[in-house]
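Here is the structure we will look at, set down as structure tokens.
Basis for what follows: all heavy atoms, side chains included, without hydrogens, waters or symmetry-related copies.
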Amino acid sequence: MKRFFVASTLGNDPHTEGLHIASKIAKLGEVGYSILEPTLDYEPLLDRIKEADAGYIGLSYRLSPQKGLDELKKVLALFFNTGLIKAGSSIRIAFSGLPETIKMVQAHAHELPCKVYLMQPHPNVIDRITDIIDFFDIVHNREQIIGALKDELEPPGISILDEIADEVVFNNNYLTEPPLDIPSNKAIGSYTTRIKEANRPIIRSHFGIPADTIEPTIDGIREIAEARVIDEVSLGSSDLSQRYFGLPEMFDKLKNDGGVPYKNEQDLIRIFNASRAGNFPSVKPYCHVTGIVDFIDVCIRTGMLVGAHQAIPLFWFNELDGRGAKKVPDSIAEHCEAVKELSRRNIPAEMNDPNQWSSRWAHDTVIVASYGLVSAVMTMNEVKDMVLQMQFNKPRETGDFADLAKMTAGLEIAAAVSKFRQNPPTIYRETRTGIESLSPNMEKARWQLGRSTLLQMFVDPHILHLVSFCEANHAAKPADIIESSKIVRKAVRLFNENKIDLMRELDNPIIQDRKKYLMNEAEYLLKNIAALHPEYKGGGLRAAAAFLAKPDVLAQSIKKRYMTAPGIVHSEYKNPDIVTRPTKYGFIDVVDSETGQRVITEKERLSL
């Protein structure tokens, strides 16, 4: 059996993080690997397996369980019907998904044409790693790999947060947290007024139930609104809603998953009307992958985006991550136009690219620099209220000190860039927990959510993007969101009760030295990106802002791999030469590709 691993998500699922963890272990075990772009077309997967003569195949699906089982059956049938795999073959096939998906596959194992190794969602991450090592049949350096990964997964942190997190969940006392106040009419229609009135971080949460109709989502939003636990509902849109809104006939032809399947304006009106209860949470849908500017107008006509903000990607939601078909340069230009339209309508704008880079194992400098890029785009497009989202605990190997250094550096870089304008945009800080950091064990996950919220409070967020404790296990239902809101609100209250003592932790030299390093490295990277434009004559970040916001410069920056990450799998943009890994304290750095040990600066990386 050839020691080569080919991995792919199924059904165009864009969640590739798990495949990259598996490929990292494969590399440590001297197994070659190739990760494919998310797609609905399985021909490239068949071709790559045949071309590589792969001995290991990894398949993944993190969305709805039934769809995951259906897609697994479909691709296995293709393997055998095409003769790629024959009865008695020694090729090993692994599948990973949500716990309910794994249970469903187990129940239908007798219907599958071959053995499938199921990657169990063990509460202990070391057990999950061990399963992957066993799948690859790694023997000679098994213990060294486990030991190295254990050190990476458990970086030292701020120990007092453990104690306060214990108090957050003790005896489920958080369940007595009172509902949110009902905002004034002005706050219901104004995102920034709601923030000012709340005198606490306002809370937003994704919600949208994958189903054949929008009815379960309508019922769920009404329940959430009446419970008064969320200030803003981020409507989780289905794949087809993002691609084919206004073309209902496409919903009958193609697989759909990932969120609520709204098809037209009337659907959006009904969903929005369900939120007109309780504390009247505003509603914002996911950004679409086509017709983004026109969709802003549609949203406003239906009541959405009124009293809300909108998140727009910069580099993503296109061919790069498989969410859409647009070419990256065209997509960047469209996203910049969408930001300009939000500005024209005085809607607060967020560009969530730092999260996307984190999902693909980008090193910390790229994350910090991405705050500079999105701030430049929003600044130059006259955004008045700029939301910067900071996703903590992502990747899960990131430590407390690493997160605080990275986020505070990103905020300062953003502020420096925004000073290009005589009246800079107001910066609103938004924080969230990385889903991958949560355990499938619900009790542990509740504690983790509380602890992560405590860590986020060090940057004094205006907005908490609520990730429900259950999301490593299943998509959040209204009851999960209601309970999770109570957990984070108790964590906020306990942090504020201990704030004076806790804030001293930011003075830790580990944080301050790393922050200074990242700011210097990110500034070097951003100036080099600005220099891709022939009219840039040097100067600080303020001078670079106008060039950093130009779509052609941004397109060049990713084409030339100035902005890059190991997790990019698109053939035109992937970078096989870059290696990132957690170093001391959970810092994510670029290391030399030969030894995987020596940290490389941006000057050296760009020279290569």
Close side-chain approach of Pro509 and Gln512, heavy atoms under 4.5 Å: no
Residues Arg204 and Ser234: side-chain donor-acceptor under 3.5 angstrom: yes
His465 and Gln389 side chains, donor-acceptor separation under 3.5 Å: yes
Check: Leu494 and Glu167 side chains under 4.5 Å, non-hydrogen atoms: yes
Side-chain (Asn441) to main-chain (Glu443) donor-acceptor, under 3.5 angstrom: yes
Under 3.5 Å side-chain donor-acceptor pair for Asp480 and His474: yes
Row check, Phe392 ring normal vs Arg432 NZ/CZ: under 6.0 Å, within 45°: no
Flag side-chain contact, heavy atom, 4.5 Å: Pro123 against Lys444: no
Leu314 and its side-chain contact (heavy atoms from CB on, under 4.5 Å) partner, picked from Met378, Met563, Met351: Met351
Identified salt bridge (Lys or Arg N to Asp or Glu O under 4.0 Å) partner of Glu483 from the options Arg446, Lys477, Arg489: Arg446
Exam field: side chain Ser484 to backbone Ile481, donor-acceptor pair closer than 3.5 Å: no
Any donor-acceptor N or O pair under 3.5 Å, side chains Ser359, Lys394: yes
Pair Glu436-Arg62, salt bridge (charged side-chain N to carboxylate O under 4.0 Å, His left out): steps then yes or no: CA-CA 12 Å; Glu436 294 77 14; Arg62 263 195 61 88; 5.6 Å; no
Atom CG of Asn199 with >12 non-hydrogen neighbours under 6.0 angstrom: no
Chi angles and distances behind the salt bridge (charged side-chain N to carboxylate O under 4.0 Å, His left out) call for Arg194, Glu197: CA-CA 5 Å; Arg194 191 184 282 250; Glu197 272 191 13; over 6 Å; no
No-hydrogen, no-angle side-chain donor-acceptor test under 3.5 Å, Thr583 and Asp589: yes
Ring-ring centroid check Trp447 Phe469, cutoff 6.0 Å: no
Test item: Asp353 side-chain N/O and Phe315 main-chain N/O as donor-acceptor pair under 3.5 Å: yes
Min side-chain heavy-atom separation Leu161-Leu502 under 4.5 Å: yes
Rounded distance (nearest 0.5 Å) linking atom CD1 of Ile511 with atom OG1 of Thr408: 7.5 Å
Glu521 versus Thr365, side-chain donor and acceptor atoms under 3.5 Å: no
Considering all heavy atoms, the nearest Val168-Ala491 contact: CG2-CA, 3.8 Å
Exam field: side chain Thr176 to backbone Asn173, donor-acceptor pair closer than 3.5 Å: yes
Short side-chain donor-acceptor distance under 3.5 Å, Gln597 and Asp592: no
Cation-pi, Trp316 ring and Arg360 (6.0 angstrom, 45 degrees): yes
Distance-only donor-acceptor check, side chains Thr601 and Arg605, under 3.5 Å: no
Spatial distance of atom CG (Leu320) from atom CD1 (Ile568) [nearest 0.5 Å]: 5.0 Å
Main-chain N/O of Asn355 paired with Asn352 side-chain donor or acceptor, under 3.5 Å: no
Check: Ile296 and Gln310 side chains under 4.5 Å, non-hydrogen atoms: no
Straight-line distance of Leu438 CG to Ser452 OG, nearest 0.5 Å: 7.5 Å
Side-chain heavy-atom pair Val377, Val374 within 4.5 angstrom cut-off: no
Donor-acceptor under 3.5 Å (Glu523 side chain, Asn520 main chain): no
From CA spacing to verdict: salt bridge (charged side-chain N to carboxylate O under 4.0 Å, His left out), Glu226, Arg222: CA-CA 6 Å; Glu226 289 174 347; Arg222 186 177 296 111; 5.1 Å; no
Where Ser437 and Gln448 come nearest, the two heavy atoms and their spacing: O-NE2, 3.2 Å
Cationic N near anionic O, under 4.0 Å, Lys515 to Glu412: yes
Identified side-chain contact (heavy atoms from CB on, under 4.5 Å) counterpart of Asp231 within the set Leu466, Ile203, Leu464, Ile463: Ile203
Atom pair CG/OH of Asn528 and Tyr536 - distance to nearest 0.5 Å: 8.5 Å
Test item: His363 side-chain N/O and Ile588 main-chain N/O as donor-acceptor pair under 3.5 Å: no
Distance-minimising heavy-atom pair for Ala445 and Ser439: CB-O, 3.4 Å
Interatomic spacing from CZ in Arg514 to CZ in Phe587 - rounded to 0.5 Å: 5.0 Å
Side-chain heavy atoms of Leu98 within contact of Pro121, under 4.5 Å: no
Pair Phe495 and Phe458, ring centroids less than 6.0 Å apart: yes
Check: Ala187 main-chain N/O paired with Ser184 side-chain donor or acceptor under 3.5 Å: yes
For the student: nearest non-hydrogen atoms of Ala479 and Glu223, plus distance: N-OE2, 4.4 Å
Glu152 vs Lys24, salt bridge (charged side-chain N to carboxylate O under 4.0 Å, His left out): CA-CA, chis, key distance, verdict: CA-CA 13 Å; Glu152 290 182 2; Lys24 178 180 180 178; 2.7 Å; yes
Aromatic plane relationship, Tyr191 with His309 - under 30° parallel, 30 to 60° tilted, over 60° perpendicular: parallel
Donor-acceptor contact below 3.5 Å, side chain Thr398 vs main chain Pro395: yes
Check ion pair Arg581-Glu397 (N to O, under 4.0 angstrom): no
Heavy-atom closest pair, residues Ala277 and Pro281: O-CD, 4.0 Å
Interatomic distance, Leu235 atom CG to Ser205 atom OG [nearest 0.5 angstrom]: 11.5 Å
Check: Tyr371 and Met390 side chains under 4.5 Å, non-hydrogen atoms: yes
Centroid-centroid distance, His206 to Tyr286, less than 6.0 Å: yes
Backbone N/O of Ile600 and side chain of Glu604: donor-acceptor pair under 3.5 Å: no
Nearest atoms (heavy-atom pairs only) where Val417 meets Thr379: O-CG2, 4.4 Å
From Asp400, Asn393, Thr433, residue fulfilling side-chain hydrogen bond (donor to acceptor under 3.5 Å, both in side chains) relative to Arg451: Asp400
